[in-house]
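Position 1 is the first residue of the sequence, and the numbers go up from there. None of the values given here were measured: they were computed from a predicted structure.
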Amino acid sequence: MSLVLNRRVVVGVDSSTQSCKVVSVDADTGELLQLRSAPHPDGTSIDPQRWWEAFEAAGGAEAASGADNVLALGVSAQQHGMVALDAAGTPVHDALLWHDVRSAPQAAALTEQYGASMWAEEVGVVPVASFTITKLAWLRDSRPELAAQVEQVLLPHDWLTWNILGRPDEPTTDRSDASGTGYFSVHSNDYRLDLLEAALGRAARVPRVLGPSARAGRTLGGVIVSAGAGDNAAAALGLGADEGDVVVSIGTSGTVFASTAARITDASGSVAGFADAAGGQLPLIATINGARTLVATARMLDVDIERFGALALAAPIDADGLLMLPYLDGERTPNLPGATGSLTGMRRANMLPENLAQASVLGLVCSLADALDSLRSQGVPVRQVILIGGGSQSPAVQKIVADVFGVPVMLPAPGEYVALGAARQAAWALDGGFPHWKREIATELEPSATRDWAVDVRARYAEQRGTIYGV
């Protein structure tokens, strides 16, 4: 590949819910040289082998061999997924992914058993159905014969790194991903194996936790493999987020997070006190319903996503009073796994396709604005928002987001920032110093002087949320 001649190349992998993306990057400048991807199957559980097949199809195995001047490789992946392995290293069950909510009863039971304050103060997170520990408890309760076979538990990025390195005796992980399990204490930087054993019903091995710039090993082709990271922590690395920058990602899910030194202990469970991939903290709020809210509404209107956007732009900015609570797949924040979406404020005059389209855009952005407020309540500064993810490219979202959030919104140049963060970590492991790559902002959005409509919409949204769900 001519682009890599005389360049030092690092590779970042983003094994997300929907696909595996592999980017090749200039280690010195951060310039994107190549992007390849391959899809993952839909669903909330998956055979991990499908991740490997997508990794190979996207050129990951070729990169790991050292082809095209690749010197180092980093892996990021969706957080929380349960990869429970037997003594032979074979999954005892399909990996349960972050948006699989079947373990909601176990999450509630774990919270009640130990108390929300213990979880927040000693672990950093309060169990919700997304977290790995609740999925282990579900396995114990629902498939005890399989739970009895579990010898070690990995996360998606751990499993991929382990396979890339030829399945060494000791798998590895990093703080950011370990912090999303529910059995790793962000505050003490150590596993709480007592909690894992209580959830699973037996002891199980866990991967060794590496530091931010550490090397997990080398491939057979001599390529350095970095510690890896959870997807949101990798995105923060890829964006070079500073204190006061809050990243809002509108992808399959919605996530709101910030790198900070602050210690987070939210007993309500709204703000998860995760670790970042640079040695600090990554307080995060996640919503299950991200851009798929818009896709589902477009399907309901029997239009493609481009036509959907045009309808939303043609509507009154407040959807003429139509209001959507977008809990279409249940919800993680607020913690309503059994919730459904709702449409309120309907009148004969406002029952128009354009108003329904705009109502779904407003519902999505209002749910993320609630998440910003939760971060503020924990003392996290919100100076500006960096908006990423596929949903951030919607003109209908861009039209309202600064007014609804009430702070400036920066849209970086379109890019695969999770994979870029993994590549940046690989460059860090390669050279031993943090690579300072330039961040390119494509669009800056400022709140308007006349944003009273947004304040009104948010008030009505909060009222309906409280009326229907009591939160």
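- Between Val397 and Leu387, the shortest heavy-atom contact is CG1-CD2, 4.5 Å.
- Although no hydrogens or angles enter the test, the distance criterion places a donor-acceptor pair under 3.5 Å between the side chain of Ser394 and the main chain of Ala396.
- Annotation: side chain of Asn232 is not in contact with side chain of Phe274 (no heavy-atom distance under 4.5 Å).
- Thr219 places a side-chain N or O within donor-acceptor distance of the main-chain N or O of Val223, the cut-off being under 3.5 Å.
- When every heavy atom of Ser176 is checked against every heavy atom of Gly230, the shortest pair comes out as OG-N, 3.0 Å.
- For Asn289 (side chain) and Leu328 (main-chain N/O), a donor-acceptor pair under 3.5 Å exists by modelled atom type.
- By the 4.5 Å heavy-atom criterion applied to side chains, Ser24 and Val9 are counted as neighbours.
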- Task: Please lay out, stage by stage, how Tyr191 and Leu196 fare under the test side-chain contact (heavy atoms from CB on, under 4.5 Å).
- Result: CA-CA 9 Å; Tyr191 283 111; Leu196 184 154; over 6 Å; no

- Task: Carefully, step by step, assess Glu62 and Arg36 under the rule salt bridge (Lys or Arg N to Asp or Glu O under 4.0 Å).
- Result: CA-CA 12 Å; Glu62 182 182 355; Arg36 296 174 65 183; 3.4 Å; yes

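- Separation of the His157 and Trp162 ring centroids does not fall under the 6.0 Å cut-off.
- Looking at Leu313 and Pro395, their side chains come closer than 4.5 Å, going by heavy atoms from C-beta outward.
- In this structure, Arg192 does not pair ionically with Glu197, as no charged nitrogen and carboxylate oxygen lie closer than 4.0 Å.
- Between the side chain of Trp119 and the backbone N or O of Leu110, at least one donor-acceptor pair lies under 3.5 Å.
- Distance check, rounded to the nearest 0.5 Å: NE2 of His93 to OG of Ser45 gives 6.5 Å.
- Taken to the nearest 0.5 Å, the OG atom of Ser16 stands 11.0 Å off from the CH2 atom of Trp51.
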Atom pairs and distances, donor-acceptor, side-chain atoms in residues 126-136, under 3.5 Å, two or more places apart:
residue: Ser130; atom: OG; partner: Trp98; partner atom: O; Å: 3.0
residue: Ser130; atom: OG; partner: Arg332; partner atom: NH1; Å: 3.3
residue: Thr132; atom: OG1; partner: His80; partner atom: O; Å: 2.9
residue: Thr134; atom: OG1; partner: Ser103; partner atom: OG; Å: 2.8
residue: Thr134; atom: OG1; partner: Ala129; partner atom: O; Å: 3.2
residue: Thr134; atom: OG1; partner: Phe131; partner atom: O; Å: 2.8
residue: Lys135; atom: NZ; partner: Leu97; partner atom: O; Å: 2.9
residue: Lys135; atom: NZ; partner: Asp100; partner atom: O; Å: 2.9
residue: Lys135; atom: NZ; partner: Ala129; partner atom: O; Å: 3.0

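- Few gaps surround CD on Glu446; more than 12 heavy atoms of other groups in view lie less than 6.0 Å from it.
- Counting all heavy atoms, side chain and backbone alike, Glu151 lies closest to Ala87 at CG-N, 3.4 Å.
- The shortest heavy-atom contact between Ile388 and Ala235 is CD1-CB, 4.2 Å.
- Using a 4.5 Å cut-off on side-chain heavy atoms (C-beta onward), Leu73 and Ile224 make no contact.
- For the pair Phe308/Leu294, a side-chain contact is recorded, criterion being any heavy-atom separation below 4.5 Å from C-beta on.
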- Message: Working note: Leu237 + Tyr417, criterion side-chain contact (heavy atoms from CB on, under 4.5 Å); need CA distance, chi angles, decisive distance, verdict.
- Response: CA-CA 8 Å; Leu237 266 188; Tyr417 285 99; over 6 Å; no

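- Ionic pairing of Asp431 and Arg8 is present here: one or more N-O contacts between side-chain nitrogen and carboxylate oxygen are shorter than 4.0 angstrom.
- Side-chain atoms of Val380 and Ile264, non-hydrogen and from C-beta on, do get closer than 4.5 Å to each other.
- Around atom CG of Asp194, more than 12 heavy atoms belonging to other residues, nucleotides or ligands sit under 6.0 Å away.
- Using the six-membered ring where Trp is involved, His436 and Phe434 have ring planes that are perpendicular, over 60° apart on the 30 and 60° scheme.
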- Message: Quick one, Arg383 with Asp242, criterion salt bridge (Lys or Arg N to Asp or Glu O under 4.0 Å). Give me CA distance, side-chain angles, the key distance, then yes/no.
- Response: CA-CA 10 Å; Arg383 177 173 54 87; Asp242 296 322; 5.4 Å; no

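- Listed for the Asp403 side chain is no donor-acceptor partner under 3.5 Å among the backbone atoms of Pro447.
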- Trace of the side-chain hydrogen bond (donor to acceptor under 3.5 Å, both in side chains) decision for Gln425 with Ser226: CA-CA 7 Å; Gln425 187 195 62; Ser226 64; 2.8 Å; yes

- Run the side-chain contact (heavy atoms from CB on, under 4.5 Å) check on Trp52 and Ile164 step by step: do they pass? CA-CA 9 Å; Trp52 185 258; Ile164 290 166; 3.7 Å; yes

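- Taken from OH in Tyr183 to CG in Leu200, the straight-line distance is 9.0 Å, to the nearest 0.5 Å.
- Enclosure of atom CG in Leu193 by more than 12 non-hydrogen atoms of other residues, nucleotides or ligands within 6.0 angstrom is indicated.
- Under the 4.5 Å side-chain criterion, counting only non-hydrogen atoms from C-beta, Phe257 is not in contact with Val248.
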- Given the rule in the side-chain contact (heavy atoms from CB on, under 4.5 Å) test, do Leu35 and Glu416 qualify, once you have shown the distances and angles that lead to the verdict? CA-CA 9 Å; Leu35 164 64; Glu416 298 295 341; 4.0 Å; yes

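- A distance-only check finds a donor-acceptor pair linking the side chain of Asp276 to the backbone of Gly280 [under 3.5 Å].
- Side-chain contact between Leu155 and Val83 is absent, with no heavy atoms from C-beta onward closer than 4.5 Å.
- Without hydrogens or angle criteria, Ser259 side chain to Ala241 main chain gives no donor-acceptor distance under 3.5 Å.
- Salt-bridge annotation for Arg376 and Asp373: present, with a side-chain N of the basic residue lying under 4.0 Å from a carboxylate O of the acidic one.
- Panel note: side chain His40, backbone Arg50; no donor-acceptor pair is recorded below 3.5 Å.
- Remark: side-chain polar atoms of Thr161 are not paired, donor with acceptor, to backbone N or O of Asp158 under 3.5 angstrom.
- Atom OG1 in Thr255 sits 9.5 Å away from atom CD1 in Ile285 (nearest 0.5 Å).
- A donor and an acceptor atom, one from each side chain of Thr260 and Gln281, are nowhere located under 3.5 Å apart.
- Counting non-hydrogen atoms of other residues, nucleotides and ligands closer than 6.0 Å to CZ of Arg307 gives a total of 12 or fewer.
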- Please report the C-alpha distance between Ser268 and Asp266 in whole Å, then the side-chain angles of each, then the deciding distance to 0.1 Å, and finally whether the side-chain hydrogen bond (donor to acceptor under 3.5 Å, both in side chains) criterion is met. CA-CA 5 Å; Ser268 77; Asp266 181 13; 2.7 Å; yes

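- The two residues Ile250 and Ala291 make their nearest non-hydrogen contact at CG2-N, 3.9 Å.
- Side-chain N or O atoms of Thr287 include one that pairs as donor or acceptor with a backbone N or O of Gly254 at under 3.5 Å.
- When each of Val256, Leu411, Val409, Leu445 is checked for a side-chain contact (heavy atoms from CB on, under 4.5 Å) with Val385, only Val409 meets the rule.
- Look at Arg7 and Asp28 and you find no salt bridge, because none of the NZ, NE, NH1 or NH2 atoms lies under 4.0 Å from a carboxylate O.
- Counting only residues at least two apart or in different chains, salt bridge (charged side-chain N to carboxylate O under 4.0 Å, His left out) contacts with residues 162-183 comprise Glu170-Arg208.
- In this structure, Val25 and Trp437 approach most closely via the heavy-atom pair CG1-CH2, 3.8 Å.
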